[in-house]
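The structure's right below; bear with me while I get my questions together.
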Amino acid sequence: MDLTLKIWRQASSKVKGQFVNYQVQNISAEASFLEMLDILNESLVAKGEEPVAFDHDCREGICGACSLYINGRPHGPDRGITTCQMHMRNFKHGETIIIEPWRAKPFPVIKDLMVDRSSFDEIIQAGGFVSVRTGGIPDANSIPIPRRNAELAMDAAACIGCGACVAACKNASAMLFVSAKVSQFALLPQGRIEAQERVQRMVAKMDELGFGNCTNTYACEAECPKEISVSNIARMNREFLSAKLISHKEF
Amino acid sequence: MGKSLTYSSITKKIIMSLAGLFLISFLLVHLGINLLILFDNTYESFNTAAHFMATNPLIQTFQWVLFIGFIIHIIYGIIVQLQNWSARPVRYMKKGYSELSFFSKFMIHTGVVVFIFLIIHFANFFIVAKFGHVDEVTYKSGTYENLGAVVVETFKIGWYVAFYVVALLLLGFHLEHGIQSAFQSLGINHWRYTPVIKRIGTLLSILITLGFIAIPLVIYFS
């Protein structure tokens, strides 16, 4: 199929960007979206032009590196899938595809379609971990965990931190990401120990970085490639409220 | 005030949802009293109820709590919205596609119209009732200000009825998202109860909207 691509080009975070139109021909419906961009880049390199910069790593839908806001949707038209796993069969011959970077104040554009998502790392550093001091590996089954909690914790832990929730949210809110990270620990006994401190620190960091507030529009859940549930946001709200009411320390 | 501006995003949302849910109690009481006007040609029951609301010390105290509830809900609504807009300084070229919760995207817009309506409504009825001159009417039970007549007179004005209906419809949209959203903000999301909360929220917003709208329409067209 032949396509027109309208791609955001921006040489660096310091200069202004603009949309540039490109034509690609003979794209197979079986090609992935990133392979289509590879083909475009090869042709640009052959012409001596600067290739389009975009994030990608595993191309297996698990690393969270790829992004791209395609035709008004993070990770493009398919549901529950990352850009790298999305194939060109989702598009029609002759279609114009608009490709933009994630747009949020805490996600500044580095170059073209690449954004700096280190603000997510900062949120994790604020409390998205379990402190382990010393000791050997505990025996299996020494800490009983209800099956339902194990399942919910695993569902929350499926978050790959790609930032699609922020990109999809009309408020550029990071609540789905942060709530998934809070939930995966809050649901398990190992995570309960630091739960009150964790939720307060992570939410404070999220606010400090300039993410928007949650208005329960649920675009995040609809666009999340790992289909993280907004029930995690409610869980984080509960965790936060109880931490603020009960915790001895404020963070 | 300084500290309240620096509350975390979740604290602000919790305060907003509590204030919002509290305001629904006001809407229900207000609607109940308003509906009396339709079932009594002499407006006796309406005027008696209005008199009770205006003189009962408990209600008068509660009025201030209600007023504070409005102010908190509105101020936080504006703060949250400003932060949300500033969180995305560069907009997308292609408008965001999201299939869920349509009315949630327009909370600030419906909220602003309802707020403007509130001011006009306040000037038309509340100020008149409190400080203006209202004719008195005598029933067997006593003499009251004939507020019922003021309401009916106002609802004979075409543009006011139109504005009232539009504002109340938008309030309905505001409630349709707001009620269930408040529970989510408070951390209540349950496989069994959330669908029930959503249904009750929709039902309440429809009932409140239709109830309020029915009054000017019935008066105007009768």
Side-chain angles (χ1 to χ4, degrees), chain A residues 6 8 17 19 69-74 77 97-109 166-175 199-200 203-204 206-207 209-223 229-242 244, chain B residues 3 5-18 20 76-108 111 177-191 193-194 197-198 201:
Chain A
K6 210 175 180 65
W8 181 260
F19 283 96
Y69 193 83
I70 303 158
N71 281 348
R73 296 186 66 176
I97 307 174
I98 303 170
I99 312 169
E100 300 174 70
W102 283 177
R103 295 286 191 202
K105 192 165 69 181
F107 288 168
V109 172
V166 176
C169 177
K170 73 178 180 68
N171 312 322
S173 167
M175 289 282 278
V199 69
Q200 293 185 71
V203 169
M206 169 184 86
D207 291 346
L209 290 164
F211 289 102
N213 301 277
C214 178
T215 45
N216 303 327
T217 306
Y218 304 154
C220 52
E221 184 187 73
E223 299 300 342
S229 164
V230 293
S231 64
N232 289 306
I233 297 181
R235 182 177 297 105
M236 178 164 76
N237 291 344
R238 295 200 284 279
E239 287 285 329
F240 184 83
L241 185 58
S242 72
K244 282 284 173 204
Chain B
K3 192 173 187 315
L5 289 173
T6 59
Y7 279 161
S8 80
S9 52
I10 297 179
T11 308
K12 284 198 283 267
K13 290 297 295 184
I14 288 172
I15 294 172
M16 268 192 85
S17 43
L18 288 175
Y76 276 107
I78 293 169
I79 294 173
V80 162
Q81 188 61 60
L82 291 177
Q83 287 180 333
N84 292 349
W85 278 329
S86 75
R88 178 163 293 138
V90 184
R91 314 238 122 214
Y92 289 114
M93 182 197 197
K94 181 89 175 172
K95 259 220 163 284
Y97 166 105
S98 112
E99 61 218 66
L100 295 157
S101 196
F102 177 77
F103 295 126
S104 71
K105 298 181 196 166
F106 305 104
M107 292 306 271
I108 189 72
H177 174 69
I179 296 173
Q180 54 94 8
S181 170
F183 284 90
Q184 166 85 0
S185 293
L186 291 170
I188 300 164
N189 187 314
H190 188 272
W191 60 275
Y193 303 127
T194 297
I197 289 169
K198 284 190 176 166

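Within every chain, numbering begins at 1; the chains are lettered A, B, ... in the order of the sequence lines, protein sequences first and strands thereafter.
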Go through the atoms of B:T194 and report whether side chain, backbone, both or neither lie under 4.5 Å from a heavy atom of chain A.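 Contact with chain A is absent: no heavy atom of B:T194 under 4.5 Å.
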Segment of B:M107 engaging chain A (4.5 angstrom heavy-atom cut-off):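 Contact with chain A: none, neither part.
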To the nearest 0.5 Å, how far apart are NZ in A:K244 and CD in A:E239?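 The CD atom of A:E239 is 13.5 Å from NZ of A:K244, to the nearest 0.5 Å.
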Relative to each other, are the rings of A:W8 and A:F19 parallel, tilted or perpendicular (30° and 60° limits)?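 Because their plane-to-plane angle is over 60°, the rings of A:W8 and A:F19 count as perpendicular.
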Which atoms of B:H177 are under 4.5 Å from chain A, going by heavy atoms: the side chain, the backbone, both sets, or neither?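 For B:H177, the contact with chain A is made by the side chain alone.
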Any A:M236 side-chain heavy atom under 4.5 Å of A:V199 side chain: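 They are in contact (side-chain heavy atoms under 4.5 Å apart), so the answer is yes.
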Distance check, rounded to the nearest 0.5 Å: B:I79 atom CD1 versus B:Y7 atom OH?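 Answer for the CD1-OH pair, B:I79 versus B:Y7, is 11.0 Å.
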Check whether A:F107 gets within reach of chain B through its side chain, its backbone, both or neither, counting any heavy atom under 4.5 Å.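 Answer is neither: A:F107 stays 4.5 Å or more from chain B.
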Nearest-0.5 Å distance that lies between atom CD in A:E100 and atom CZ in A:R73: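 If I round to the nearest 0.5 Å, the distance is 14.5 Å.
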Which atoms of A:F211 approach chain B - backbone, side chain, both or neither, heavy atom under 4.5 Å: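 The backbone, not the side chain.
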Quick one: what part of A:N213 sits under 4.5 Å from any heavy atom of chain B, side chain, backbone, both or neither?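 Answer is both: backbone and side chain atoms of A:N213 are under 4.5 Å from chain B.
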Who wins among A:C169, A:S173, A:A204 for the most heavy-atom pairs under 4.5 Å with chain B?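 Looking at each option in turn, the highest pair count goes to A:C169.
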So which residue, A:A167, A:S229, A:P101, ends up with the most heavy-atom pairs under 4.5 Å with chain B?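 With the most close heavy-atom pairs to chain B, the winner is A:A167.
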Say you draw a straight line from CD of B:Q81 to CG of A:N171; how long is it, rounded to the nearest 0.5 Å?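 Here the rounded value is 6.5 Å.
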Quick one: which of A:T215, A:V109, A:I233 has the most heavy-atom pairs under 4.5 Å with chain B, could you say?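 Result: the option with the highest number of such pairs is A:T215.
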Between atom CZ of B:R91 and atom CH2 of B:W85, what is the distance when rounded to the nearest 0.5 Å?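 One gets 8.5 Å once the value is rounded to the nearest 0.5 Å.
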Name the option with the most non-hydrogen atom pairs under 4.5 Å to chain B; the candidates are A:G212, A:S242, A:P106, A:A172.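 Greatest number of close heavy-atom pairs with chain B: A:A172.
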